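Working notes, structure below.
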Amino acid sequence: MRRCSRTGCVNPAVATLTYAYADSTAVVGPLATYAEPHSYDLCEAHALRLTVPNGWEVVRHEGEFAPPTPSDDDLTALAEAVREAGRPDRPVEPQVSAPGGGRRAHLRALPDPVDE
(Lines give C-alpha, C1' and ligand atoms only; values in the text may rest on other atoms or scores of the structure.)
Protein backbone atom coordinates (compact mmCIF):
# COMPACT_ATOMS: atom_id res chain seq x y z
CA MET A 1 0.00 0.00 0.00
CA ARG A 2 1.38 3.41 -0.96
CA ARG A 3 1.26 6.29 1.49
CA CYS A 4 0.53 9.98 0.97
CA SER A 5 3.57 11.90 -0.29
CA ARG A 6 2.95 14.87 2.02
CA THR A 7 5.52 15.14 4.79
CA GLY A 8 4.25 13.70 8.07
CA CYS A 9 1.11 12.16 6.58
CA VAL A 10 0.73 8.42 7.13
CA ASN A 11 -2.66 8.02 5.43
CA PRO A 12 -3.02 5.69 2.44
CA ALA A 13 -2.78 7.30 -0.99
CA VAL A 14 -5.98 7.38 -3.06
CA ALA A 15 -5.08 9.99 -5.70
CA THR A 16 -2.14 10.99 -7.89
CA LEU A 17 -1.07 14.60 -8.49
CA THR A 18 0.77 15.51 -11.67
CA TYR A 19 1.75 18.90 -13.06
CA ALA A 20 1.44 20.13 -16.64
CA TYR A 21 3.92 23.00 -16.36
CA ALA A 22 3.41 24.22 -19.94
CA ASP A 23 -0.31 24.70 -19.22
CA SER A 24 0.10 25.90 -15.61
CA THR A 25 -2.19 23.08 -14.52
CA ALA A 26 -2.21 20.62 -11.64
CA VAL A 27 -4.14 17.41 -12.27
CA VAL A 28 -5.50 15.34 -9.36
CA GLY A 29 -6.82 12.01 -10.55
CA PRO A 30 -7.32 8.46 -9.34
CA LEU A 31 -4.28 6.70 -7.90
CA ALA A 32 -1.88 5.70 -10.67
CA THR A 33 -1.16 2.03 -11.18
CA TYR A 34 2.45 2.51 -10.06
CA ALA A 35 4.46 5.35 -8.51
CA GLU A 36 5.99 7.75 -11.03
CA PRO A 37 9.09 9.82 -10.21
CA HIS A 38 7.44 13.09 -11.30
CA SER A 39 4.06 12.64 -9.63
CA TYR A 40 2.84 12.64 -6.06
CA ASP A 41 0.51 10.24 -4.29
CA LEU A 42 -2.02 11.95 -2.03
CA CYS A 43 -4.51 10.85 0.61
CA GLU A 44 -8.12 11.96 0.19
CA ALA A 45 -7.78 14.94 2.54
CA HIS A 46 -4.73 16.34 0.75
CA ALA A 47 -6.20 15.63 -2.70
CA LEU A 48 -9.33 17.63 -1.86
CA ARG A 49 -7.50 20.54 -0.16
CA LEU A 50 -4.79 21.04 -2.78
CA THR A 51 -4.15 24.68 -3.68
CA VAL A 52 -2.00 26.00 -6.51
CA PRO A 53 -0.19 29.30 -7.21
CA ASN A 54 -2.07 32.25 -8.68
CA GLY A 55 -2.60 31.82 -12.40
CA TRP A 56 -2.61 28.02 -12.18
CA GLU A 57 -5.62 25.78 -12.67
CA VAL A 58 -6.55 22.59 -10.82
CA VAL A 59 -8.27 19.77 -12.69
CA ARG A 60 -9.78 17.27 -10.25
CA HIS A 61 -11.26 13.83 -10.66
CA GLU A 62 -15.03 14.01 -10.29
CA GLY A 63 -16.44 11.60 -7.75
CA GLU A 64 -14.98 9.92 -4.72
CA PHE A 65 -11.42 8.73 -4.37
CA ALA A 66 -11.30 5.09 -3.40
CA PRO A 67 -8.26 3.21 -2.13
CA PRO A 68 -7.08 0.62 -4.64
CA THR A 69 -8.03 -2.96 -3.93
CA PRO A 70 -5.27 -5.54 -3.97
CA SER A 71 -5.29 -7.51 -7.17
CA ASP A 72 -4.49 -11.19 -7.54
CA ASP A 73 -2.80 -10.23 -10.81
CA ASP A 74 -0.23 -8.12 -8.93
CA LEU A 75 0.58 -10.95 -6.54
CA THR A 76 0.75 -13.49 -9.35
CA ALA A 77 3.08 -11.27 -11.41
CA LEU A 78 5.38 -10.82 -8.41
CA ALA A 79 5.45 -14.55 -7.68
CA GLU A 80 6.24 -15.34 -11.33
CA ALA A 81 9.08 -12.80 -11.39
CA VAL A 82 10.61 -14.32 -8.24
CA ARG A 83 10.29 -17.85 -9.65
CA GLU A 84 11.89 -16.78 -12.94
CA ALA A 85 14.80 -15.09 -11.18
CA GLY A 86 15.43 -18.17 -9.02
CA ARG A 87 15.42 -20.77 -11.78
CA PRO A 88 18.64 -22.81 -11.62
CA ASP A 89 18.80 -23.25 -15.40
CA ARG A 90 18.63 -19.51 -16.03
CA PRO A 91 21.79 -18.33 -17.82
CA VAL A 92 23.94 -15.79 -15.99
CA GLU A 93 24.86 -12.85 -18.18
CA PRO A 94 28.29 -11.24 -17.69
CA GLN A 95 28.30 -7.87 -15.93
CA VAL A 96 29.43 -5.06 -18.20
CA SER A 97 30.69 -1.87 -16.60
CA ALA A 98 29.46 1.47 -17.86
CA PRO A 99 31.70 3.25 -20.38
CA GLY A 100 33.87 5.95 -18.86
CA GLY A 101 33.76 4.42 -15.38
CA GLY A 102 30.14 5.47 -14.72
CA ARG A 103 27.84 4.02 -12.10
CA ARG A 104 27.31 0.27 -12.27
CA ALA A 105 24.32 -1.70 -11.12
CA HIS A 106 24.33 -2.37 -7.39
CA LEU A 107 23.35 -6.04 -7.83
CA ARG A 108 24.98 -8.61 -9.99
CA ALA A 109 24.94 -12.37 -10.37
CA LEU A 110 28.15 -14.25 -9.65
CA PRO A 111 28.98 -17.68 -11.03
CA ASP A 112 29.34 -20.62 -8.68
CA PRO A 113 32.88 -20.91 -7.29
CA VAL A 114 35.03 -23.58 -8.92
CA ASP A 115 36.28 -26.35 -6.63
CA GLU A 116 40.04 -26.67 -6.85
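Since this is a predicted model, take the numbers as computed values, not measurements.
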Can you pull the salt bridge (charged side-chain N to carboxylate O under 4.0 Å, His left out) pairs that have at least one residue in residues 1-10, sequence neighbours excluded?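 The answer is R2-D41.
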Salt bridge (charged side-chain N to carboxylate O under 4.0 Å, His left out): pairs with one or both residues in residues 12-22, sequence neighbours excluded: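 Counting only pairs at least two positions apart or across chains, no salt bridge (charged side-chain N to carboxylate O under 4.0 Å, His left out) contact touches residues 12-22.
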Distance (rounded to the nearest 0.5 Å) between E44 CD and N11 CG: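 One gets 10.0 Å once the value is rounded to the nearest 0.5 Å.
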What pairs with A45 under side-chain contact (heavy atoms from CB on, under 4.5 Å), at least two apart in sequence or on another chain?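 Expected list: C43.
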Shared hydrophobic cluster for Y19 and L42 (ILVMFWY, side-chain gaps under 4.5 Å):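 Linked within one cluster.
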Indicate, with yes or no, if V10 and L31 share a hydrophobic cluster defined by side-chain heavy-atom contacts under 4.5 Å among Ile, Leu, Val, Met, Phe, Trp and Tyr.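 The answer is no; the residues belong to distinct hydrophobic clusters.
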Donor-acceptor contacts, no H, no angles, side chain residues 51-61, under 3.5 Å, sequence neighbours left out:
unit_1	atom_1	unit_2	atom_2	d
R60	NH1	A47	O	2.4
R60	NH2	L50	O	2.8

Sort and list the pairs that fulfil side-chain hydrogen bond (donor to acceptor under 3.5 Å, both in side chains) and have at least one residue in residues 25-38, not counting sequence neighbours.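 Every pair satisfying side-chain hydrogen bond (donor to acceptor under 3.5 Å, both in side chains) with a residue in residues 25-38: Y34-E36.
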